[in-house]
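We use all heavy atoms of the structure for the numbers below, so side chains are in, but hydrogens, waters and symmetry mates are not.
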Amino acid sequence: MLENEVYQRMIQQREKMSKSHKKIANYLIENHETAPFLTASKLAKNVQVGEATVIRFAFFLNYKGYPDLQRHLQEALQRKMTSAEVLARTTDENDQTEHVVKEVLSDDIQNLKMTLSQVDAYQFERAVHELVTAKRIYIIAYRSATSIGQFLEFYLDLVLQNTELIRQADGVSEHLLDITNEDVVIGLGFSRYTKRTVEVLKYVKQRDAKTIVITDHLMSPLVPYGDINLISSTEINSFIDSFSAPMSIASALITALTRSEHKNVEKRLKELEGLWDTFDVFYD
């Protein structure tokens, strides 16, 4: 396992490393089964260096940042961890809960920065265009990813009136029976990925529907089935995923779409305001 490229880079660059970088490299090599699941802040704490030093270490090894280095470390393990295993490997019984909010928000900031640095503006613009011109929009998002799917469905259907989140996995075939190349499917999935999400994306691709994938990295099994792939970082020092970045991607898609179609959207929102007043929807 230590013959993997990521570890070979550390070994080959050892003589050029600073004292702090050597400490990080030694820790990663000695703890190769647990270290890949630590966030930058947690790794820094364990090695007793600054978080900025950990980030600089990733760049020193010619990775795009710590999340990129972390993915290579995880891939070197060559197997998926269960939720229980990830929790055990990222939690110390001596960790204090009083520091959790600062730690998690810091991780979210890093995820947003990483996502911003790797987002492809051209792919994003293509995604907006496909949504604007789609006859129907279907959203595939299971388990925890459903939260982002519901957010997208609410706002896209509010302004476009053509969007559906397929909620029941068993009924997916009936919903997609008449799908065509004029339709768009948004697939959301993050490690650990559900088989059903992959299967549905594979099916709609066979039906020539256009696909937009929102996932956590290019090694995701959803990526091969995406005409457009929007990558967002979700790493956090927990068994859960951080959805700050993918939710921001969803918000950006909705905002860009409404700006592109602002006249139609403005007209629809005015009509909706009258309806909301009639049914006394909002608290005054």
Side-chain angles (χ1 to χ4, degrees), residues 115 118-143 145-190 193-194 196-216 218 220-232 243 245-272 275:
T115 301
Q118 65 187 9
V119 68
D120 187 322
Y122 173 71
Q123 292 292 311
F124 180 84
E125 286 294 326
R126 281 186 61 206
V128 173
H129 173 75
E130 295 297 349
L131 293 175
V132 168
T133 58
K135 182 177 180 180
R136 291 286 304 170
I137 300 172
Y138 298 94
I139 301 173
I140 307 299
Y142 297 122
R143 299 182 68 82
T146 303
S147 58
I148 308 173
Q150 289 176 328
F151 178 77
L152 276 167
E153 180 195 37
F154 179 84
Y155 283 106
L156 289 178
D157 199 57
L158 185 71
V159 297
L160 297 176
Q161 295 181 278
N162 66 350
T163 303
E164 176 186 6
L165 170 66
I166 300 179
R167 287 172 167 78
Q168 295 185 358
D170 291 341
V172 68
S173 55
E174 290 90 340
H175 286 271
L176 298 177
L177 180 63
D178 299 318
I179 197 167
T180 72
N181 59 7
E182 296 181 284
D183 301 322
V184 170
V185 176
I186 303 175
L188 297 110
F190 310 92
Y193 315 93
T194 67
R196 180 55 58 90
T197 306
V198 177
E199 290 169 355
V200 172
L201 285 174
K202 182 178 181 180
Y203 169 76
V204 299
K205 282 293 293 178
Q206 292 172 346
R207 297 293 300 271
D208 292 327
K210 298 178 180 66
T211 53
I212 299 171
V213 163
I214 302 176
T215 190
D216 48 359
L218 292 173
S220 164
L222 279 63
V223 165
Y225 304 108
D227 293 316
I228 300 167
N229 292 296
L230 301 174
I231 308 301
S232 58
F243 281 166
M247 188 64 83
S248 289
I249 291 290
S251 297
L253 285 172
I254 295 164
T255 302
L257 183 149
T258 54
R259 289 182 183 177
S260 173
E261 297 291 296
H262 67 277
K263 289 184 178 179
N264 292 333
V265 172
E266 183 178 356
K267 178 183 177 183
R268 175 153 174 77
L269 289 178
K270 285 180 178 179
E271 293 173 348
L272 284 170
L275 195 62

If I take atom CG from residue D216 and atom CG from residue L188, how far apart are they, to the nearest 0.5 angstrom?
11.0 Å
Are side-chain N/O atoms of R126 and Y122 paired as donor and acceptor at under 3.5 Å?
no
Please round to the nearest 0.5 Å and tell me the distance separating atom CZ of F151 and atom CD1 of I139.
11.0 Å
Sole candidate of E261, H262, R268 that passes side-chain hydrogen bond (donor to acceptor under 3.5 Å, both in side chains) when paired with N264
E261
Nearest non-hydrogen partners of G187 and L201, listed with the distance:
CA-CD2, 4.2 Å
Option passing side-chain hydrogen bond (donor to acceptor under 3.5 Å, both in side chains) with Y203 (candidates R207, K205, E199):
R207
Distance-only, no hydrogens or angles: does the D183 side chain make a donor-acceptor pair with backbone N or O of I137 under 3.5 Å?
no
Spatial distance of atom CD1 (I214) from atom CZ (F243) [nearest 0.5 Å]:
11.0 Å
Can you confirm whether F124 is buried at CZ, in the sense that more than 12 heavy atoms of other residues, nucleotides or ligands lie under 6.0 Å from that atom?
yes
Quick check for you: to the nearest 0.5 Å, what is the distance between I186 atom CD1 and T163 atom OG1?
7.0 Å
How many angstroms lie between CZ in R143 and OG1 in T146, if you round to the nearest 0.5 Å?
9.0 Å
Any salt bridge between E266 and K270, counting N to O under 4.0 Å?
yes
How far does CG of L131 sit from CG of L160, to the nearest 0.5 angstrom?
7.5 Å
Is there a donor-acceptor pair closer than 3.5 Å between any side-chain N or O of T211 and the backbone N or O of Y225?
yes
Look only at the side chain of S260 and the backbone of A256, and say whether a donor-acceptor pair between them is shorter than 3.5 Å.
no
